[in-house]
Participant: 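Pasting a structure below so you can have a look.
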Amino acid sequence: AQSVTQLDSHVSVSEGTPVLLRCNYSSSYSPSLFWYVQHPNKGLQLLLKYTSAATLVKGINGFEAEFKKSETSFHLTKPSAHMSDAAEYFCVVSDLTGANNLFFGTGTRLTVIP
Amino acid sequence: DTAVSQTPKYLVTQMGNDKSIKCEQNLGHDTMYWYKQDSKKFLKIMFSYNNKELIINETVPNRFSPKSPDKAHLNLHINSLELGDSAVYFCASSQPMGLAGGQETQYFGPGTRLLVL
């Protein structure tokens, strides 16, 4: 069975400092992994995805994530936080069956302090 | 050009009523989905449709029924609404699994915020 665990429900950083949002996954086989972002009262936007190509994945808005099989992790990082990054972030794993089912983590709320 | 759109954006209704939420995608995708996001922001798949055929159906009450008039639309009908149905409902679409050799990205709509009183 596939699942993801987001280790922090809330992360607070100062503007201009690095962002680290942690995610660990559990999968019976090589997974596809995603990070989605949800701004307040908005829909879900794909930040980046990993599908067994390069382990370091670059996404939009300066975010990137590194797939580490030995640690079963897919942490999201950004070198310098911007006020507009304040949002809810979801780590997601797929089931890789014909259903294309996605399993969402519980989310991490990122607050950026001016 | 909105890729995945949902109507209405907000829906407030009384317990026991029947309501529908509409979803349309203009991405040419073959597969569409409905997700429910609860008050704790947890998202869970409800249904998916591939070429008008239901391919997954999680443990969702049969008061919820997806209807797909064509592959660009997947509407969600809810009968006898209950307080616990209050949530944000997201529609999404993608190409079928494996079309590009791997997991297909799902594109989400803006969500419909349902409040049952």
Side-chain angles (χ1 to χ4, degrees), chain A residues 1-6 8-11 21 23 25 27 29-54 57 59-60 67 74 87-111, chain B residues 2-7 9-10 21 23 25 27 29-51 53-60 88-113 115:
Chain A
Q2 286 68 45
S3 67
V4 289
T5 302
Q6 291 184 243
D8 307 295
S9 60
H10 184 205
V11 170
L21 305 183
C23 173
Y25 69 90
S27 178
Y29 31 76
S30 185
S32 285
L33 292 157
F34 307 78
W35 276 98
Y36 279 86
V37 60
Q38 184 180 22
H39 287 91
N41 298 316
K42 300 286 186 184
L44 291 151
Q45 182 183 18
L46 179 70
L47 275 179
L48 49 82
K49 71 175 183 179
Y50 166 78
T51 54
S52 74
V57 182
I60 62 171
F67 175 75
F74 190 57
E88 191 88 21
Y89 291 80
F90 293 94
C91 183
V92 183
V93 66
S94 70
D95 65 358
L96 286 184
T97 67
N100 199 28
N101 201 3
L102 296 183
F103 296 89
F104 282 76
T106 49
T108 298
R109 183 160 58 92
L110 176 65
T111 298
Chain B
T2 303
V4 183
S5 59
Q6 295 179 227
T7 53
K9 188 174 180 179
Y10 298 96
I21 306 172
C23 177
Q25 54 93 6
L27 297 167
H29 289 161
D30 289 328
T31 307
M32 296 183 71
Y33 313 80
W34 277 105
Y35 289 83
K36 179 181 180 181
Q37 185 178 42
D38 63 24
S39 59
K40 295 185 178 179
K41 301 278 189 181
F42 184 65
L43 273 141
K44 190 171 181 182
I45 184 78
M46 298 177 71
F47 303 102
S48 72
Y49 256 75
N50 186 354
N51 285 329
E53 292 186 31
L54 181 68
I55 56 174
I56 60 172
N57 182 351
E58 294 293 314
T59 53
V60 174
V88 182
Y89 293 84
F90 286 99
C91 178
S93 73
S94 75
Q95 289 293 8
M97 207 15 225
L99 192 67
Q103 183 66 19
E104 300 302 328
T105 299
Q106 293 186 22
Y107 295 87
F108 284 79
T112 294
R113 286 145 186 83
L115 178 60

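Residue numbers start from 1 in every chain, and the chains themselves are labelled A, B, ... in the order their sequence lines are given, proteins ahead of strands. These values consider heavy atoms only, across backbone and side chains, with no hydrogens, waters or symmetry-generated copies.
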Participant: Quick check on A:Arg109: does its CZ atom have over 12 non-hydrogen neighbours (other residues, nucleotides or ligands) under 6.0 Å away?
Facilitator: no
Participant: At a heavy-atom separation under 4.5 Å, does A:Leu44 approach chain B through its side chain, its backbone, both, or neither?
Facilitator: both
Participant: Which value, rounded to the nearest 0.5 Å, describes the distance between A:Ser9 atom OG and B:Lys41 atom NZ?
Facilitator: 13.0 Å
Participant: Check each atom of B:Gln6 against the heavy atoms of chain A and say whether the ones under 4.5 Å are side chain, backbone, both or neither.
Facilitator: neither
Participant: Taking side chain as everything from C-beta outward and backbone as N, CA, C, O, which of these in A:Gln38 sits under 4.5 Å from a heavy atom of chain B? Side chain, backbone, both or neither.
Facilitator: side chain
Participant: I'd like to check the ring-ring contact (aromatic ring centres under 6.0 Å, His included) partners of A:Phe103; sequence neighbours left out, ordered by chain and number.
Facilitator: none
Participant: Hey, which of A:Tyr36, A:Phe90, A:Phe104 is the one that makes ring pair (Phe, Tyr, Trp, His ring centres under 6.0 Å) with B:Tyr35?
Facilitator: A:Phe104
